[in-house]
Amino acid sequence: MKATRATFRLRLGAVTAAILVLSLTGCVSTSAAPTPAPARPAGSLLIVGGGPIPDPIIERFVALAGGKGHARIVLYPMASEDADAGLELAEDFRKLGAEAERIVLTRQQANSEAAARRLDGVTGIWFGGGDQAKLTAAIGHTPVEAAIHARYLAGAVIGGTSAGAAVMSTPMITGDERRPGGARPPDKDSSDAFMTIARDDVVTIDGFGMLPGVIVDQHHVRRRRGNRLLSIVLEHPELIGIGIDESTALEVGPAGPWRVIGESAAVVYDARQAKITPPSAPILGTTGVRLSVVPAGGTYELKTGVATLP
């Protein structure tokens, strides 16, 4: 042990002397190495707002996954309580020439490296509808989620509908609220929800964070969900709110503006330059929020906040 420590001290002294010489000659920089920029994903996202999925959206997903004879798709249906969830869509993918496998995982299974390795070589991953909290409870912060991110970085397309859209962002809207109706709660049998624009009302948890700087809502126009998304955006003005309507998809590519496809629109709430009442104010208010209703065929550029109409 003494010989080993002596040898280590001699080597350390030699290394220190070498660094000193190099520093004096200007060959070694004394400044800290720059932090490398995060890798830009090579893949795409196809985020569907729920409802019936038009054929062109299904076809687009397969094309982004590599197309006929090349696409290898995995579907995760755990958001749904339906035992057959995902079977029909998997068959639709197969009809377009893709390999499609439906995988149901428990939390314990998702925590295994074996489950993560099943995504090796996959070119498309799809999250089904239902309850988004069930999906994140099953695979959030597990090796499977890490493998999903790795596939996205490598070029795979990640898609989902309804609950499968909500999981794309962090924070993720769960669908629950803390104070329904605010000071005037609805009747117990009422189906009304998110009747107010208020702080600390919309419940959020961690999603999969596929789309940094954004919070995603689904069924947005059809179910009149503007109040809940605007509330979140005003609480977190650094986030862009994207409300995607039913039978409509937002396509996020590795470069260029986002594209809206399908049958309706995506609504964008941008409060990055807005004035907002302070947390101590009794009512959540704002001025200067930028609102864009982007129909199918339109585009949106996240950095500039510029939308284009078809």
Side-chain angles (χ1 to χ4, degrees), residues 41-80 82-105 115 117-130 132 135 139 144 147-168 208 210-211 216 218-219 244-266 295-299 310:
S44 298
L45 304 175
L46 196 66
I47 311 171
V48 185
I53 305 176
D55 288 344
I57 292 179
I58 297 174
E59 292 164 3
R60 182 60 180 162
F61 185 79
V62 172
L64 290 170
K68 183 178 181 179
H70 300 283
R72 292 183 55 203
I73 298 170
V74 162
L75 299 89
Y76 290 118
M78 291 87 76
S80 176
D82 184 351
D84 295 330
L87 291 176
E88 183 176 349
L89 185 58
E91 186 58 30
D92 289 338
F93 290 149
R94 294 185 191 107
K95 289 177 181 177
L96 293 171
E99 291 183 29
E101 182 181 10
R102 174 181 173 270
I103 299 178
V104 179
L105 295 175
R117 286 194 298 270
R118 294 181 72 176
L119 292 176
D120 290 352
V122 164
T123 60
I125 298 167
W126 183 270
F127 304 121
Q132 51 265 39
L135 188 56
I139 62 178
V144 167
I148 291 168
H149 282 271
R151 295 311 307 150
Y152 179 41
L153 286 172
V157 56
I158 313 298
T161 185
S162 189
V167 299
M168 296 290 183
F208 296 151
M210 310 302 300
L211 198 54
V216 176
Q218 74 279 25
H219 303 279
I244 307 169
D245 198 23
E246 294 185 0
S247 302
T248 304
L250 180 73
E251 180 180 333
V252 178
W258 301 347
R259 200 163 65 99
V260 179
I261 60 177
E263 297 180 356
S264 185
T299 65

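Closest non-hydrogen pair, Pro295 versus Ala265, comes out as CA-CB, 3.8 Å. Shown here for Ile261 and Ala296, the closest heavy-atom pair between the two residues is C-CB, 4.1 Å. Here the shortest heavy-atom pairing between Ile58 and Leu96 reads CG2-CD1, 3.8 Å. In this structure, Val167 and Gly164 approach most closely via the heavy-atom pair CG2-O, 3.4 Å. Of all non-hydrogen atoms in Ser264 and Asp245, the two that sit nearest each other are OG-OD2, 2.6 Å. For Ser44 against Pro254, the heavy-atom pair with the smallest separation is OG-CD, 3.6 Å.
Atoms CZ and CD1, on Arg60 and Ile57 in that order, are 11.5 Å from each other to the nearest 0.5 Å. Taken from CG in Leu64 to CD in Glu59, the straight-line distance is 12.0 Å, to the nearest 0.5 Å. Here CG of Leu75 is found 12.0 Å from CD of Glu88. Values are rounded to the nearest 0.5 Å. Summarising the geometry, atom CD1 belonging to Ile158 is positioned 7.0 Å from atom CG belonging to Leu45; distances are rounded to the nearest 0.5 Å. The distance from atom CD of Gln218 to atom CG of Leu250, rounded to the nearest 0.5 Å, is 13.0 Å.
Residues Phe127 and Ile148 form a side-chain contact, since some pair of their non-hydrogen atoms from C-beta on lies under 4.5 Å apart. Between Ile47 and Leu211, the closest side-chain pair of non-hydrogen atoms falls below 4.5 Å. The shortest distance between side-chain heavy atoms of Phe61 and Ile73 falls below 4.5 Å. At least one side-chain heavy atom of Arg118 sits less than 4.5 Å from a side-chain heavy atom of Ile103. Using a 4.5 Å heavy-atom threshold, the side chains of Lys68 and Val62 count as separate.
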Give the intermediate values and the outcome of side chain to side chain contact (heavy atoms under 4.5 Å, CB included) for residues Leu135 and Phe208. CA-CA 10 Å; Leu135 188 56; Phe208 296 151; 4.2 Å; yes
Please step through side chain to side chain contact (heavy atoms under 4.5 Å, CB included) for the pair Glu101 and Val122, ending with a clear verdict. CA-CA 10 Å; Glu101 182 181 10; Val122 164; over 6 Å; no
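Side chain of Ser247 to main chain of Pro54: no donor-acceptor pair is present (N/O by atom type, distance under 3.5 Å, no hydrogens or angles). Within the 3.5 Å criterion, the main-chain N or O of Gly50 finds no donor-acceptor partner in the side chain of Ser162. Listed for the Arg102 side chain is no donor-acceptor partner under 3.5 Å among the backbone atoms of Ala90. Between the side chain of Thr248 and the main chain of Glu246, a donor-acceptor pair closer than 3.5 Å is present.
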